[in-house]
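Small disclaimer: the values here were computed from a predicted structure and weren't measured.
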Amino acid sequence: MTSHFLGDTAALTGRSLRHIVRSVDTIITTVLTPVAMMVMFVYVFGGAIDTGSEAYVNYLLPGILLITVASGVAYTAFRIFMDLKSGIFERFQSMPIARSGVLWAHVLTSLVANLVSLVIVAGVALLMGFRSSAGVLDWLAVVGILFLFTLALTWIAVIPGLSAATVEGAGAFAYPLIFLPFVSSAFVPTQTMPGPVRWFAENQPVTSIVDTIRNLFAQQPVGDDIWTALAWCVGILVVAYVFAVAAYRRKIA
């Protein structure tokens, strides 16, 4: 059963990846928004934001990476919605393949596509002056956190992909995710925010994730932030997975 599931999922993932390769504009569009934000904030607003001795591009990059993921998972919802409306889900269900393989193929495709986008954005940041003293273990920790964050948001994307009534609705869920970093420590220190806004910024998921990645890049102590970040990622992942699987079962019942 396991080998059957793995083989079917691998074949279906290959199909989804081929669709992305044939539509390179998807990757370009996903990368364009965070890169444009990074350029604007570093070269237009960066000089007015006090981050101490730290270069603003170094301060900014963790938040931009999270926005990159949020932009990317919107296309996951779009691809699932289009497959659902085209009847491909029903066609696959009539074939002797693992039923969950169709869904996992979209999830794995999202992970690969977002990895490519993150590498491109990080490459642009390097050209803009980003530098890190992080060691191998620090980089592995950053990759692990981004992997968990991407996986969690991907399973969130599955829900509107399966349940939205229109293609616009399938992708619209990502807008709050893209703008959430703006009310966090991603762009400015939370100490500059008024009371209620500061409280929200310091207690929402993005701030702990951004602060953890930023400290890992700078080889600074991460403190409790890393455990808070991991708890948020795992918690969101579990809840999103449960609701996504329930939505999938309703669709193929």
Side-chain angles (χ1 to χ4, degrees), residues 33-34 36-38 40-42 44-74 77 114 118 121 125 130 132 134 138 141-142 144-157 159-160 171-244:
T33 298
M37 286 184 181
M38 185 163 56
M40 180 179 66
F41 273 89
V42 171
V44 178
F45 303 124
I49 300 174
D50 183 14
T51 57
S53 60
E54 185 177 17
Y56 188 59
V57 66
N58 287 13
Y59 185 90
L60 180 73
L61 182 59
I64 292 295
L65 294 177
L66 300 194
I67 289 176
T68 303
V69 174
S71 300
V73 297
N114 276 289
L118 288 169
V121 170
F130 169 75
S132 172
D138 297 312
V142 169
I145 291 170
L146 289 174
F147 173 84
L148 272 178
F149 182 75
T150 304
L151 190 59
L153 261 59
T154 296
W155 280 107
I156 291 178
I159 300 170
F173 86 98
Y175 294 143
L177 299 179
I178 292 172
F179 286 106
L180 196 58
F182 287 92
V183 193
S184 74
S185 63
F187 296 98
V188 297
T190 56
Q191 291 83 352
T192 63
M193 301 176 183
V197 178
R198 177 178 177 179
W199 180 89
F200 175 79
E202 291 179 347
N203 291 280
Q204 58 120 320
V206 169
T207 292
S208 59
I209 298 171
V210 163
D211 288 349
T212 298
I213 294 175
R214 186 181 291 135
N215 288 329
L216 287 169
F217 278 151
Q219 276 197 321
Q220 298 295 321
V222 294
D224 292 334
D225 282 333
I226 189 169
W227 303 115
T228 305
L230 290 174
W232 273 114
C233 289
V234 172
I236 293 170
L237 172 59
V238 170
V239 173
Y241 176 80
V242 169
F243 279 94

Peer 1: With a 4.5 Å heavy-atom cut-off, do Tyr59 and Pro189 have their side chains touching?
Peer 2: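 Of all side-chain heavy-atom pairs linking Pro189 with Tyr59, at least one is under 4.5 Å.
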Peer 1: Quick check for you: to the nearest 0.5 Å, what is the distance between Leu65 atom CG and Leu118 atom CG?
Peer 2: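 Reported value, rounded in 0.5 Å steps: 5.5 Å.
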Peer 1: Side chains of Leu146 and Ile213: does their closest heavy-atom pair fall under 4.5 Å?
Peer 2: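 They are in contact (side-chain heavy atoms under 4.5 Å apart), so the answer is yes.
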Peer 1: Nearest heavy-atom pair of Pro34 and Val121: which atoms, and what distance?
Peer 2: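 Nearest heavy atoms, Pro34 then Val121: CG-CG2, 4.2 Å.
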Peer 1: Check the pair Arg214, Glu54 against side-chain contact (heavy atoms from CB on, under 4.5 Å), reporting the backbone distance first and the verdict last.
Peer 2: CA-CA 11 Å; Arg214 186 181 291 135; Glu54 185 177 17; 3.8 Å; yes
Peer 1: Rounded to the nearest 0.5 Å, what separation is found between the CD1 atom of Ile236 and the CZ atom of Phe149?
Peer 2: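 Spacing of CD1 (Ile236) from CZ (Phe149) equals 7.5 Å.
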Peer 1: Measure the shortest side-chain to side-chain distance between Met193 and Val188 over non-hydrogen atoms and say whether it is less than 4.5 angstrom.
Peer 2: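 Side-chain contact under 4.5 Å: yes.
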Peer 1: Can you see which heavy atom on Tyr56 is nearest to which on Phe187, and at what distance?
Peer 2: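 Closest approach of Tyr56 to Phe187: OH-O, 2.8 Å.
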Peer 1: Tell me yes or no: between the side chains of Glu202 and Thr190, is some donor less than 3.5 Å from an acceptor?
Peer 2: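 Note: Glu202 and Thr190 side chains meet the donor-acceptor criterion.
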Peer 1: Is it true that a side-chain atom of Gln204 and a backbone atom of Trp199 form a donor plus acceptor pair closer than 3.5 Å?
Peer 2: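 Such a contact is absent between Gln204 side chain and Trp199 backbone.
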Peer 1: For the residue pair Cys233 and Ile209, establish whether any side-chain heavy-atom pair is separated by less than 4.5 Å.
Peer 2: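 A side-chain contact exists here, since the closest heavy-atom pair is under 4.5 Å.
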Peer 1: Of all the heavy-atom pairs spanning Leu177 and Pro181, show the shortest one and how long it is.
Peer 2: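 Scanning both residues, the minimum pair turns out to be O-CD, 3.2 Å.
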Peer 1: Could you walk me through whether Ile145 and Leu216 pass the side-chain contact (heavy atoms from CB on, under 4.5 Å) test, one step at a time?
Peer 2: CA-CA 11 Å; Ile145 291 170; Leu216 287 169; 4.1 Å; yes
Peer 1: Could you tell me whether Phe182 atom CZ has more than 12 heavy atoms of other residues or ligands within 6.0 Å of it?
Peer 2: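 More than 12 heavy atoms, drawn from other residues, nucleotides or ligands, come within 6.0 Å of this atom.
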Peer 1: So which heavy atom on Ala77 is nearest to which on Pro160, and how close?
Peer 2: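 Heavy-atom minimum between the residues: CB-CG, 4.4 Å.
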Peer 1: Using the ring centroid of each side chain, check whether Phe217 and Phe130 are separated by less than 6.0 Å.
Peer 2: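 Yes, they do, as the ring centres are separated by less than 6.0 Å.
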Peer 1: Does the pair Val73 and Ile156 meet the rule for a side-chain contact (heavy atoms from CB on, under 4.5 Å), with working shown?
Peer 2: CA-CA 9 Å; Val73 297; Ile156 291 178; over 6 Å; no
Peer 1: Run through Val183, Ile67, Leu66 and flag the one making a side-chain contact (heavy atoms from CB on, under 4.5 Å) with Val206.
Peer 2: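 It is Leu66, the one option of Val183, Ile67, Leu66 that forms the side-chain contact (heavy atoms from CB on, under 4.5 Å) with Val206.
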Peer 1: Measuring from atom CZ of Phe147 to atom OG1 of Thr154, what distance do you get when rounded to the nearest 0.5 angstrom?
Peer 2: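 Phe147 atom CZ to Thr154 atom OG1 measures 9.0 Å (nearest 0.5 Å).
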Peer 1: Considering non-hydrogen atoms only, spot the tightest contact between Ile159 and Ala240 and give its length.
Peer 2: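 Heavy atoms only, the tightest pair is CD1-O, 3.8 Å.
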Peer 1: Tell me yes or no: between the side chains of Asn114 and Thr150, is some donor less than 3.5 Å from an acceptor?
Peer 2: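 Side-chain D/A pair, Asn114 to Thr150: absent.
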Peer 1: Find out whether Ile178 and Ser71 are in side-chain contact, i.e. whether some heavy atom of one side chain is under 4.5 Å from a heavy atom of the other.
Peer 2: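 In contact.
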Peer 1: Within this structure, what is the OG1-CG distance for the pair Thr207 and Leu180, rounded to the nearest 0.5 Å?
Peer 2: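 That separation rounds to 8.0 Å.
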Peer 1: Evaluate Asp211 against Ser185 for side-chain hydrogen bond (donor to acceptor under 3.5 Å, both in side chains), listing each step before the verdict.
Peer 2: CA-CA 7 Å; Asp211 288 349; Ser185 63; 2.8 Å; yes
Peer 1: Atom CE of Met38 and atom OG1 of Thr33: how far apart are they, to the nearest 0.5 Å?
Peer 2: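 Reported value, rounded in 0.5 Å steps: 12.0 Å.
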Peer 1: Kindly compute the distance separating OG (Ser184) from CZ (Phe200), expressed to the nearest 0.5 Å.
Peer 2: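 Those atoms lie 9.0 Å apart.
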Peer 1: I need the minimum non-hydrogen distance between Ala134 and Ser132, along with the two atoms involved.
Peer 2: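 Taking every non-hydrogen atom into account, N-OG, 3.0 Å.
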